[in-house]
Amino acid sequence: MFTSLINTNNINIFTIQYTLVSNVSSLNSALQLLFQAEVLAIDCETTGLDPLTDSIRLIQIAAPNHPVVLIDLPAIPKSDRSLLKQLLSNSAVKIAHNAKFDWQFLTLAGLQTSGKFFDTQLAYKVLTAGLKTSSSLQNIVKKLLHFQLDKTQQISDWCKPLTKAQLHYAAFDAAILLDLYPILLKKLKQAKLLKIARLEFQCMPVVAQMELNGMLFDLSRWQILGAKLEIEKTDALNQLKQLRIASSQMSLLPELTDAVNPNSPQQVLAALQAIGIKINSTNQSKLVSLAAQYPIIQALLDYRRLSKIIGTFTEKLPQHIHPKTGRIHPNYYQLGAKSGRFSCRKPPLQNIPRDQTARSCFIAAPGYKIIKADYSQIELRIMARLSADIKMCQAYRQGADLHRLTASLVTGKHINEVTEEDRRLAKAINFGLIFGMGAAKLQIYAQVKYGVAMTLEQAKAFRKRFFEAYPGIAKWHENIKHEYTRGIKESRTLANRRRRWVNKPRLSELFNHPVQGLNADINKLAMVKLSNPLAKFKTKLICVRHDEIVLECPETKVEQVSHTLHNCMVAAAQKFLNPIPVVIDIKTSNSW
DNA sequence: TCAGAGTGCGCC
DNA sequence: AAACGGCGCACGCTGA
C-alpha cells in the first residue's frame, strides 16, 4: 500500500545528502550556507530523554536544497559554538517535531533557539483536535507523505560512535520536516487554523521553560502531612473492619465477607447491599446522601478520599523530586486535551488537592516569592459573552456577584436576603446548568460538591427558573441544539480553535467546547504575553492550571511582576470577552 | 500472566 | 426525552 520509495521536494529516501561536522572549521563553513534559508528544520538526537541529566549527541539542521548538516556537538568546544548560536536565533522559521524537547536540550546546552517556530506535532494536533489519531512523526509522514518512516534507529545506542545507519536516520528525520511544513501550512490556512497554531507555537518555549523551572518542594513538611493522613486513613480502615464484622453476622458466608477489600467497588457493593442498603453503585454521588444515616458509609468515603490522596500524591510526589534540582518538573502537554486545554503528567500537578496544607508544601526558593493569579469565574464570563444574555452581562458590567444574583433569581429572595447556603446552591446551578446538566444530576452535584440538599422536584424547579432568569443562555442552548439536529462536524472557539466531532457528539460536549476551549486560548495568550516580562524580571513561570498562572519571583520585584502579570492576563481575556469585564485574583506568599 | 477496559476520584 | 465537560492515576477485575 505504501510506497517505499518516494521523491518529495527535497529528498529521496535513499539518496539523502548530509554533511557530518566534528570540528569548528567544517561546522562554520557548513553553517554559513544556511544563513540565507527562510526555514530551518531542526532535530536533536540525545543520550536520553531527560534534558536535565542527558545531553545532545547530534544536532541535525536541514534547509531546502542543502545537504543536512549533522553536528557532532560533543566534538565542538563550547567556545566554538557562536555561529551555531547565531543561526539558531536568526529570523528563519524553525521547524521541529515536538519542538519543546529540542528547545530544552538546546537551551541547556547554551544554544537557546528563538524566533519563529513551527512545530509539526502541534500543527497536526491543531488540525486533528477531536479525532482519534496519533501525532507521532511516523503517523504524520504516513498520512501526509504516504510512506512508512523507519524509526528503528531511534532506540539505538546514541552514546557510542555513530553508525552510518544512525547518521542516515538522523539526517532523514530532519529533512522530512521540510516536506511536512508546506503541507501542514496549507492545511492550517485552508482550515483557518493558522492563527491558533501560531499561538501554540509561541506558547511552546514558555511551556518548555516552565518544565525546566519546576517547582520547589518542601519534602519534610510533606512527610509530616503524610503521616497525619496515614493515621486518619488507618482510623477509617479500622471503622470499616469493625462494621464489616457486624455485617458478616448477617451473612451466610462470613468467611467471604470478612475478606472484603475496601478498594474493590464490587465487594463493597455486595457488602453494603447485604446489610440492607439499597444502592446499585458505590460511587461518591450514591453514597454522600447516605453518609449521615450510616456511619460505615462515612467511614468508606473517608477511607476512599484518604487513600486517593495518599496513593496518588503523598507517596508519589517525593519520587518526582529531581536529584539535580531538588524541584518537581512535571510534563505539560499543551494540546493534551481535545478542548485545547493543557494536560499535565508525572506528576499530575494540575490535580493536587486544593487543600491549603498540601499546596503549602510547594514553596518559593530563598529570596523569592510565589505569585498566584487566577481568572475569576472565567467560564461564566465566557458564557455571558457567548450568549450575550442581558442580565448576565449587566451583572458583570456592574461588578455584581453573579452567584448571589442567580440565588436571588431562583429562590425569589431579595438579593440582600441571600444566605451563604443559597449562594452555594447558585454556584451549583450556574456551573452545572450552562453545560446542560439535567435535574437529576443537578441534585447530586449540588449535594456532593456544595453540600446543598434538594429534592428532585426542587432541582427541576431550579432548572426551570434558571433558564427563565437567563433567557440568553436558553437561546444559546437552543441554537446549538439546532445545529446538533442538523448534524454538526466541528465546533470553534472565538479564537477559532477547532474541535472536530467524529461520531455524533453529546449535546453537552457541544455546549462545553466553546467555553472550555476559549478558556484555554485565553490562558495560552496570557502566557505568551508574559514571555518577555518573565525574562526581564528574572521570574520563573512554575505552573499553569487552566485558569491559573503561578510564578516564582525575586522578592524585590514582586510589585512590578504582580502588576505585569495582572495586565497580561487581563489583556489576553479582554481580547475575546470585551465588553464583559475581566477580574483577576492575585495572591503573593512564600508558598503556593 | 499481563494488557486493557472499568470504576472511582483528585483537579479546573 | 434527556443529556455537564476536560484531564491523569490507582485499583481490582477480566479474558486471551
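Here is how names work: the chains are called A, B, and so on, in the same order as the sequence lines, proteins then strands, and each is numbered from 1. Below, each value reflects all heavy atoms present in this structure, side chains not excepted, and no hydrogens, waters or symmetry copies.
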With heavy atoms under 4.0 Å as the rule, sort A:L433 into base, sugar-phosphate or nothing. nothing
Can you tell me, in whole Å, how much space there is between the P of B:dA5 and that of C:dG8? 15 Å
Matching residue for A:Y445 among A:Y450, A:F462, A:F431, A:F435 - test: ring-ring contact (aromatic ring centres under 6.0 Å, His included): A:Y450
Give A:R359 one of three labels, base, sugar-phosphate or nothing, depending on what nucleic acid heavy atoms sit under 4.0 Å from its own. sugar-phosphate
Verdict with supporting geometry, A:Y303 and A:K233, side chain to side chain contact (heavy atoms under 4.5 Å, CB included): CA-CA 6 Å; A:Y303 172 80; A:K233 180 181 156 187; 3.9 Å; yes
Is A:Q516 touching bases, backbone alone, or none of the nucleic acid, heavy atoms closer than 4.0 Å? base
Under 4.0 angstrom between A:K316 side-chain N/O and C:dA10 OP1 or OP2: yes
Is it true that A:E509 and A:K338 make a salt bridge, defined as a side-chain N closer than 4.0 Å to a carboxylate O? no
Which whole number of Å gives the distance between the P atom of C:dA3 and that of B:dG10? 24 Å
Over all strands shown, is A:S307 touching base, sugar-phosphate only, or nothing at heavy-atom distances under 4.0 angstrom? nothing
A:E509 CD to C:dA3 C1', in whole Å, measures 10 Å
Give one of base, sugar-phosphate or nothing for A:F431, where a contact means two heavy atoms less than 4.0 Å apart. nothing
Lys/Arg N to Asp/Glu carboxylate O, A:K481 vs A:E478, below 4.0 Å: yes
Check the distance between C:dG8's P and A:Y333's OH and give it to me in whole angstrom. 9 Å
Are OP1 or OP2 of B:dC12 and a side-chain N or O of A:R354 less than 4.0 angstrom apart? yes
Looking only at side-chain atoms of A:N351, point me to the closest of C:dC11, B:dG10, C:dC9. B:dG10
Take atom C1' in C:dG12 and the same atom in B:dC2, then report the distance between them in whole Å. 14 Å
Over all strands shown, is A:K460 touching base, sugar-phosphate only, or nothing at heavy-atom distances under 4.0 angstrom? nothing
With a 4.0 Å cut-off on N to O distance, would you call A:R492 and A:E483 a salt bridge? no
Would you kindly compare A:H546 and A:A440 by the position of their nearest DNA chain C nucleotide and give the one closer to the 5′ end? A:A440
With a 4.0 Å limit, can you tell me whether A:R545 has a side-chain N or O closer than that to the phosphate oxygens OP1/OP2 of B:dC11? no
Does the base of B:dC12 carry an N or O that pairs as donor and acceptor with the side chain of A:R341 under 3.5 Å? yes
Between the base of C:dG12 and the side chain of A:Q266, is there a donor and acceptor pair under 3.5 angstrom? no
What is the distance from CZ of A:R499 to C1' of C:dG5, rounded to the nearest Å? 8 Å
